[in-house]
Amino acid sequence: MDCETIQPFCLALAAVIYSERAEAQYIMTDQPDRLPAMRHSLAHIMATAIQRLWPEAKFGVGPVVESGFYYDVDLGEAKVSEEDFNKIEAEMHKIIADDVPFERFEKPIDEAIAWAQASRQPYKEELLNDLKRAGTTVAKDLDADELGTITEGGVAQIEKVSFYKNADFTDLCRGPHVESTGKVGAFKLMRVAGAYWRGNEKNPQMQRLYGVAFATSAELQQHLDMLEQAKKRDHRKLGQELDLFVISDLVGPGLPIFTPRGTVLRNELIKFSEELQREGGYEAVWAPHMTRTELYKISGHYDKYPERFDVSSVESDDTFMMKPMNCPHVTQIYASRPRSYRDLPLRYMETTTMYRDEKSGELHGLSRVRALTQDDSHAFVRQDQIEDEVRNILGMVKQMYLTLDMPLSVDLSVRDDNDNYFGDPKLWQEAQNILQRIAREEELDYRVEPGEAAFYGPKIDIYVSDALGRRWQCATVQLDFVMPERFQLEYVDEHSEKQRPAMVHKTILGSIERFLSVYIEHTAGRFPIWMAPEQVRVITVNQEEATLNFAHGILEQAKKLAVRLGVDNSNESVGKKIRAAELAKIPYVIVAGDKEIRTQQVVPRIRKDMVVIDAPVTLGIEEFLKTVANEAKARILKTSL
RNA sequence: GCCACCUUAGCUCAGUUGGCUAGAGCGCCGCUUUCGUAAAGCGGAGGUCAUCGGUUCGAUUCCGAUAGGUGGCUCCA
């Protein structure tokens with residue numbers, strides 16, 4: 001394209017963007033619900049297009065999600081693939097161009113059911129029957145908005161349900177929608193995925209078509225650009241570029257191996273976590289990585305979780321397994337001798353690797369692996385010590401994430417009506433009350449998640465987000481009255497009576513692997529001094545002996561001060577070696593040549609994100625190295641050079 | 001495990017609508033150069049086009065299976 005053709009094209013584009021911006025502003029200020037309505041309307045338009053292309057399509061639900069919408073469809077033997085997106089989008093654009101109105105109307109519930117039968121929409125029929133019977137549909141993962149429910153006043157009051165019709169497509173739906181199909185903004189179909197009907201693995205699997213949608217094409221483009229940026233900081237990509245870990249087919253999926261650089265990250269994190277725990281009164285313990293399966297039959301995990309690695313023994317009749325967690329092991333330390341109320345709390349920590357046979361499709365880089373290392377701990381406490389211990393732990397968690405400069409979000413994971421939980425419901429209620437009170441008093445910004453508790457107790461789960469905004473659980477504090485019961489743990493109180501302790505489980509980082517995956521994306525590989533695998537790189541200007549000796553001398557000094565320093569004396573230009581150091585995201589780079597040898601001073605080049613002052617600083621070599629060592633020790637985020 | 005898609009050199013990617021010795025950049029190795037804060041020059045090595053099977057005169061290309069991966073679903077002690 002030459003200049004003459006490109007310029008008018010750009011001007012036209014600019015004009016479009018400008019007018020769309022103006023419209024977007026109007027929407028933002030006057031109608032805050034406009035965007036969800038647009039997205040929801042697009043879900044209907046997509047369904048309309050699909051119905052035209054596949055007249056036999058059966059529809060599930062099609063709600064609004066973050067950044068867009070989806071619709072679940074069942075095409076029987078036919079399957080949608082991403083290659084079909086062009087023709088679906090083309091059909092959608094036709095519907096949008098037609099600009100037909102969305103018409104709302106109501107039907108009595110029985111008529112609605114008849115409609116679903118007549119139009120051969122079994123999934124809609126099932127939803128309607130549930131609505132009729134229970135007044136709501138009680139399936140996880142279903143958005144009530146999608147179901148045409150009008151449930152104010154509670155259960156079993158549904159008489160009428162609402163429908164929306166656009167052109168030849170009619171759908172059970174509560175709305176709201178935009179006025180007509182022409183008013184839906186900019187969209188793009190993204191991908192197709194399998195999704196079980198009503199989120200249940202035992203149900204048939206439908207195809208879920210995802211789209212992103214925004215009020216204007218500029219915003220849509222911005223979103224797509226953001227996804228591109230996020231790809232660049234994907235921990236799997238950076239892990240390879242920065243030489244942090246490898247995943248080998250020979251070793252197996254979900255079993256990452258850490259390089260020297262990656263191992264520095266792991267060890268620094270573990271060191272920090274253990275420091276915090278030691279301050280909090282925790283003592284290190286250690287257990288082997290395999291155990292008799294009997295231990296897990298008693299704990300109750302054996303039957304609950306089939307995802308284990310069994311280990312067979314040639315010599316004995318016993319069966320063994322890799323440990324999938326640590327709590328049952330630690331109970332045996334407690335149980336090894338009689339305990340007095342004076343001994344409590346007993347606090348044990350262990351940073352150790354455990355093994356879970358995750359289903360293949362669930363593995364994901366470092367986020368979800370089959371060998372995971374936890375900074376785990378277990379405190380055995382009296383009833384009256386629970387609260388202090390939970391606060392003790394929350395203090396550690398706060399300090400960790402404050403130092404790392406990572407925002408947290410908190411779930412209070414409690415039980416639901418399900419009978420999958422072990423233990424006395426009264427104790428459960430008590431435990432949940434304690435956690436909720438603490439969450440409130442500690443001013444955590446939490447939300448309550450029923451059904452998310454462990455089978456042995458409620459939890460405070462703490463999440464951090466990756467580059468795409470996906471939440472990953474890292475820290476957790478869990479109350480447990482079940483393990484002590486199952487392993488018959490006791491202590492003797494001041495009246496010589498036998499009592500049962502409670503257990504408080506916790507992790508600060510959670511799985512080190514998962515934490516690293518999020519942290520690598522959070523920092524885009526620009527690690528703070530205390531974690532940086534290579535804190536300083538010395539770049540030699542030439543290969544002369546005096547220069548090499550000088551660089552070697554700096555390396556020896558760095559070793560004494562425990563500064564991680566590398567020397568690049570390769571036969572390349574200084575510019576190229578600087579570039580390599582920048583790409584490796586080394587915090588401090590010093591160039592070593594005749595000038596430095598003469599003055600015995602260096603001018604550290606500071607990684608851009610760490611610069612707090614502009615002027616270059618000249619320092620003596622030892623002074624510089626000591627500053628680096630101190631910054632690492634203090635775990636500061638930015639440089640003070 | 002389920003659905004859709006992907007797999008070409010160490011990395012990032014071209015390419016072959018089924019046809020002789022499969023290409024580039026970076027990286028690596030060698031030589032020249034001895035250089036001052038984001039890429040010096042020249043040369044070289046490196047690929048059974050994931051694996052196995054089928055169709056075909058002929059497969060890296062088409063089909064199937066397997067393995068690994070990507071995005072979801074389910075699960076996550």
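Order of the sequence lines sets the chain letters (A, B, ...), proteins ahead of strands, with each chain counted from 1.
A:Arg236 has a side-chain polar atom (N or O) that falls below the 4.0 Å cut-off from OP1 or OP2 of B:rU70. Proximity of A:Ser573 to the phosphate of B:rC35: no side-chain N or O atom is located under 4.0 Å from OP1 or OP2. Dashed line: the shortest gap from a side-chain N or O of A:Lys576 to OP1 or OP2 of B:rG27 is under 4.0 Å.
Heavy-atom distances to RNA chain B give each of A:Arg605 and A:Ala453 a nearest nucleotide, and the one nearer the 5′ end belongs to A:Arg605. The nearest heavy atom of RNA chain B to A:Ser360 and to A:Glu307 marks one nucleotide each, and the one closer to the 5' end goes with A:Ser360.
Distance check: A:Leu583 CG to A:Ile578 CD1 gives 11.5 Å after rounding to the nearest 0.5 Å.
Checked by distance alone, A:Arg356 brings no side-chain donor or acceptor within 3.5 Å of a matching partner on the base of B:rC76. If you check distances only, the side chain of A:Gln543 does reach the base of B:rU34 with a donor-acceptor pair under 3.5 Å.
Between the CG atom of A:Asn569 and the P atom of B:rC35 there is a distance of 16 Å, given to the nearest Å.
Below 30°, between 30° and 60°, or above 60°: for A:Phe258 and A:Phe245 the angle between ring planes is between 30° and 60°, a tilted geometry.
In this structure, the side chain of A:Lys58 engages the main chain of A:Glu56 through a donor-acceptor pair within 3.5 Å.
Between the side-chain ring of A:Tyr456 and the base of B:rA77, no stacking contact exists by the 5.5 Å and 30° definition.
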